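Written below as structure tokens is the structure these notes are about.
All residue numbers refer to positions in the sequence shown, counting from 1. These numbers come from a predicted model, not from an experiment.
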Amino acid sequence: MKATLYIQNLKCVGCEATIIDKLSRLKNITEVSISIIDAKVDFEYEAKKDLEIVKKELSKLGYPPFGEKNNLTKKVKSYVSCAVGRIK
């Protein structure tokens with residue numbers, strides 16, 4: 001199944017690289033792509049539980065889906081994730 005999630009705190013190619021790397025490592029998640037302009041991530045998944053796992057992973061990285069709480073901790077995590085993506 002295909003999914004599109006609109007996410008918060010997406011800033012640059014560093015963010016993009018981190019998200020693609022982390023989500024591509026998840027079981028049953030494929031075809032991950034990002035649109036920085038639209039602040040969205042597209043991917044393929046197999047079961048509903050996989051979609052929930054992706055949402056949790058995005059939130060853990062600091063990129064919570066729209067509608068989810070975006071506190072200061074998540075914003076800081078997104079900057080760290082961004083920096084890691086730029087280093088790689």
Side-chain angles (χ1 to χ4, degrees):
M1 295 179 272
K2 280 189 167 190
T4 297
L5 294 175
Y6 291 89
I7 58 177
Q8 301 174 73
N9 305 329
L10 183 61
K11 297 170 277 309
C12 66
V13 295
C15 301
E16 176 184 32
T18 296
I19 293 168
I20 290 173
D21 178 56
K22 296 295 184 178
L23 295 186
S24 295
R25 293 180 188 204
L26 296 175
K27 186 177 178 180
N28 302 325
I29 305 302
T30 59
E31 305 298 321
V32 180
S33 65
I34 306 284
S35 171
I36 296 170
I37 293 170
D38 298 323
K40 71 176 184 173
V41 58
D42 296 304
F43 56 94
E44 297 268 343
Y45 67 101
E46 290 186 19
K48 187 173 181 171
K49 66 179 173 111
D50 299 325
L51 180 59
E52 295 306 314
I53 290 169
V54 168
K55 288 178 181 180
K56 286 179 184 176
E57 183 68 19
L58 287 168
S59 189
K60 184 174 101 178
L61 291 170
Y63 307 100
F66 277 100
E68 188 178 305
K69 201 177 242 185
N70 188 20
N71 59 28
L72 181 60
T73 302
K74 289 183 184 174
K75 290 176 184 176
V76 170
K77 284 181 180 182
S78 75
Y79 279 100
V80 172
S81 294
C82 176
V84 169
R86 285 176 175 254
I87 291 170
K88 289 185 178 183

For residues [X] and [Y], determine if any side-chain heavy atom of one lies less than 4.5 Å from a side-chain heavy atom of the other.
{"X": "Val54", "Y": "Val41", "result": "no"}
{"X": "Tyr45", "Y": "Asn28", "result": "no"}
{"X": "Leu26", "Y": "Lys22", "result": "no"}
{"X": "Lys75", "Y": "Asn70", "result": "yes"}

Leu58, Met1: one ILVMFWY side-chain cluster at the under-4.5 Å cut-off?
-> yes
Do Val80 and Ile19 belong together in a cluster built from hydrophobic side chains that touch within less than 4.5 Å?
-> no
With a cut-off of under 6.0 Å to the ring centre and 45° to the axis, is Lys11 in cation-pi contact with Tyr63?
-> no
What residue among Lys77, Lys74, Lys69 forms side-chain hydrogen bond (donor to acceptor under 3.5 Å, both in side chains) with Ser59?
-> Lys74
Atom pair [atom1]/[atom2] of [X] and [Y] - distance to nearest 0.5 Å:
{"X": "Thr18", "Y": "Glu16", "atom1": "OG1", "atom2": "CD", "value": "10.0 Å"}
{"X": "Asp42", "Y": "Lys2", "atom1": "CG", "atom2": "NZ", "value": "7.5 Å"}
{"X": "Ile34", "Y": "Leu23", "atom1": "CD1", "atom2": "CG", "value": "6.5 Å"}
{"X": "Thr4", "Y": "Phe43", "atom1": "OG1", "atom2": "CZ", "value": "8.0 Å"}
{"X": "Lys40", "Y": "Ile7", "atom1": "NZ", "atom2": "CD1", "value": "11.5 Å"}
{"X": "Lys48", "Y": "Ile53", "atom1": "NZ", "atom2": "CD1", "value": "13.0 Å"}

State whether the number of non-hydrogen atoms from other residues, nucleotides or ligands found under 6.0 Å of Tyr79 atom OH is greater than 12.
-> no
Could you tell me whether a side-chain N or O of Ser81 sits under 3.5 Å from a main-chain N or O of Leu61, the two making a donor and an acceptor?
-> yes
Is the backbone of Gln8 close enough, under 3.5 Å, to the side chain of Glu68 for a donor and an acceptor to pair up by distance?
-> no
Could you tell me which non-hydrogen atom of Gly62 sits nearest to which non-hydrogen atom of Ser78, and how far apart they are?
-> O-CB, 3.2 Å
Considering the options Leu10, Ile20, Asn9, which one meets the side chain to side chain contact (heavy atoms under 4.5 Å, CB included) requirement together with Cys15?
-> Leu10
Which salt bridge (Lys or Arg N to Asp or Glu O under 4.0 Å) pairs, counting each pair once, include a residue from residues 52-66, with sequence neighbours left out?
-> Glu52-Lys55, Glu57-Lys60
